[in-house]
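This report concerns only the one structure given below.
We name chains A, B, ... by the order of the sequence lines, and we start the count at 1 in each one. Basis for what follows: all heavy atoms, side chains included, without hydrogens, waters or symmetry-related copies.
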Amino acid sequence: MTFNSLQFLVFFMVVTLWFFRIKNQKGRVLLLLIASCYFYMSFIPEYILILGGTIIIDYIAGLLIEKNEGSARRAWLVVSLIANIGVLAVFKYYNFFIDNIHAGSLFFGKSVTLPMLKIALPIGLSFHTFQAMSYTIEVYRKNQKAEKNFGTYALYVMFYPQLVAGPIERPQNVLPQLKEFRAYDWDNVKEGTSRMLWGFFKKVVIADRLAMIVERTYGHTHESSSLALFAGAVFYSFQIYCDFSGYSDIAIGAAKVMNIKLMENFNQPYLSHTISNFWSRWHISLSSWFRDYLYIPLGGNRRGAFRSKLNILIVFLVSGLWHGANWTFLAWGLMHGLLVILLTWGKKQDTKKKTDLTVLARILFNFVLITFLWIFFRSENIGVAITYIREIFAFHGGSNYIGVSRTELVFSAIIIGILLAREKYRPAHTIKSDAGFYCYAGAMILACYYLGVFSENQFIYFQF
Amino acid sequence: MFKKIARDILIAFGLMALTLSTSRTAMKYTSDKRDNNYWWGTYQCLNGDLVSMSYLDIVSRFNQPNPRGGFKHPSFNGQRKMVLYMDGDSFTWHLCDSDFAGLESFCYFQRNHGLKYHLDTTKKNVLVIEVSERYLQSYFTGFQMFNEVIDTTIKAKKISTLPVRADAGICYSSMLPSISVNSLFNKNINQNLQFNLFNYNFMMPMFESKAALNYYFFNRASGDVVISDDRKFLFLKETISKTDIGSSYHPVSPADASTIVDVLNGIYDHYKAAGFAEVYFSVIPNSATIMQPDGYNNLIPMVQNNPRLRMKIIDIYTTFKHSKEIYYLPGDTHWNHKGKQLWLDLLNKHLLTDTSGR
């Protein structure tokens, strides 16, 4: 059940109305738990068993971590981490590992073939395992009390708006909200609905429209002109942003309607002026997860310059691998890490005031840099990515057709302009007057229907 | 009070819509009951399935009605002693005994319903397997052959434990009755919801206005339909998308074609052993394969020309390819009257010259 489906719209309506019909928090938690199970099972029903298994292990581990001290405490944390990372290793990385052993053995003149797993990757596996790990780590660090109520803990991991593509939440933020009964609040309903509509707009009007261009350019690399390929790369930057941030908007909005505030995941990332600045604005819940649970435990910047740079590189490599079991994601992560290191090498905090033109130039340069790195993210393999970049720099002619008519191309550019302006100058989703809300909702529904591209495209980040 | 009642009505309505759209039986019942002539009836376009899918009734170029039946009958004066079984899809619906030469009887089986037969050994039994190109790879690569037929009386048992029956036939693994929890999560639920919530005659202006906007403003069709490069035909998106296995442009390797040949040989041996005098195979090309051949993946010739293939071929691909006539409807996935007639002529020629068996 993707957010941009009729099934979700009906499901959301039923669950939300029922949620407010229930007058006690226990009942609401139960309802949301059942709804979340249905939501998850609508992808591949059997995989609920994997999710259920890790939830039970983490729930017990949390209780035992809190109860014990010393090595036993640490041992239960290790059990929880092994369970979560183990599931990831088997379902997400096993085939990649086996594939590379085979390729490596061929390089040395022998053929080692191990059996591959013929299984589909559970939807949103990396998201909910990371969210589960943040719970046991926080309990271990004594920042969070172990949750006694199994249903509440299960809902923390399974809360359907953010179950399959985040934001990757922290227990300190979500658990207290799941325990507290909150009365119906019309202002939250308006704000949440407005945000959801904006998310739908970003997905169906912008991302899925740009997908037509991107599919064409990536599918016709050799016939397309350098200009068309560059345009395809630029449009992919906006496609992935609108796809993923659109999902986050719908998730945050859906939770808001039910009076639950989820963390922000994006903050105008393409207005960043450095790569490190980009990472403080893009997929914030993942970046902060890696900062808190990997970078700082590795020593952060407290162990000298070399170790600090090495830690940055490790974090970006792991971040690349988190996105997928493919060398393209590793290369993408590695290059981001290297650029962060290189572009901050020996630099001190820049306190000089810059002209608007300088700021704009830096933003543009940074955007182009990020766009070229997205090529690795989008390509099937590294060879394809290198060919794509080489063809851009070949500055050759060829077909300028990029999958859509000229009118649609201009229209795409205009809506990207609208997107950037809206998020820069009117980032909030609060609408005070009811009339204003109804007008906005009506306009957005019409825009989504008439301008939307409905092809049941899944959200890009679902695969992770 | 009013708000509470409205809320409860909406909850009940939503639950009903989800339940109804999940159940195959309920969907069949509702679709049968809705009268197309009323405002609440189902939208039905007679100008082609792709026109219907894209709501492009406004574009006259794509609207070409296709008369059913009325094919030129083959002349035959001999003794009618052949029984023709046909396992086909929508290309061969609505065929009847008189469309063929020298038949005593004709048994047609729609692929989705499985092939069941009981051979009369005193007759010459011939089987024709017809498949649209877009299903060629999906049906005949991951294909498994079972020695059982679907039996509704024992569907609760696992397929592997079903007894082998005398009238054993062939069915497709993906079409076996669903007996797991998966049946609670119908994969077609979004299509079903659209049908139940929006597919009404009175809502058509809304769909048509969106289709018109896309067509006149953005030069494209809506949904899963794509306009051909020369803008004269509509194509199903899955038949032209490079990433779709049913596409005419999806890359295929000789190994892929070889796998299909292996499966076809297995099917051939199975039916020959079952008593059929001959088994014919015919692939009907996607309209994009013929009307927009640049970049075609050559799947059909790769399969048909494979020297290991034992099945006899009704080769309509080569005939269509070398003809200057148009054999497809502009707003439909299917062939036009001429195309079907040509295929029938070709098949009849094979049947009349068939010397196998009795």
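- There is no contact between B:S241 and chain A, counting heavy-atom distances below 4.5 Å.
- For the pairing with A:Y160, the ring-ring contact (aromatic ring centres under 6.0 Å, His included) check across A:Y40, A:F39, A:F43 returns one residue only, A:F39.
- Between A:F3 and A:P161 the shortest heavy-atom distance is CZ-O, 3.3 Å.
- Ranked by heavy-atom pairs shorter than 4.5 Å toward chain B, the options A:L17, A:T407, A:V14 are led by A:L17.
- Just one of A:F235, A:Y388, A:F377 meets the ring-ring contact (aromatic ring centres under 6.0 Å, His included) condition when paired with A:Y218; it is A:Y388.
- Residue A:R209 touches chain B through its side chain alone, counting heavy-atom pairs closer than 4.5 Å.
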Which atom pairs, donor and acceptor, lie under 3.5 Å between side-chain atoms of residues 6-20 of chain B and protein residues at least two apart or in another chain?
| unit_1 | atom_1 | unit_2 | atom_2 | d |
| --- | --- | --- | --- | --- |
| B:D8 | OD1 | A:R21 | NE | 2.7 |
| B:D8 | OD2 | A:R21 | NH2 | 3.3 |
| B:T19 | OG1 | B:L15 | O | 2.6 |

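- When heavy atoms are compared at a cutoff of 4.5 Å, B:F207 approaches chain A by way of both its backbone and its side chain.
- Within the 4.5 angstrom heavy-atom criterion, only side-chain atoms of A:F411, from C-beta onward, approach chain B.
- With sequence neighbours left out, the side-chain contact (heavy atoms from CB on, under 4.5 Å) criterion links B:N286 to B:E133, B:R134, B:T239, B:S248, B:T289.
- In this structure, the portion of B:L213 lying under 4.5 Å from any heavy atom of chain A is its side chain and not its backbone.
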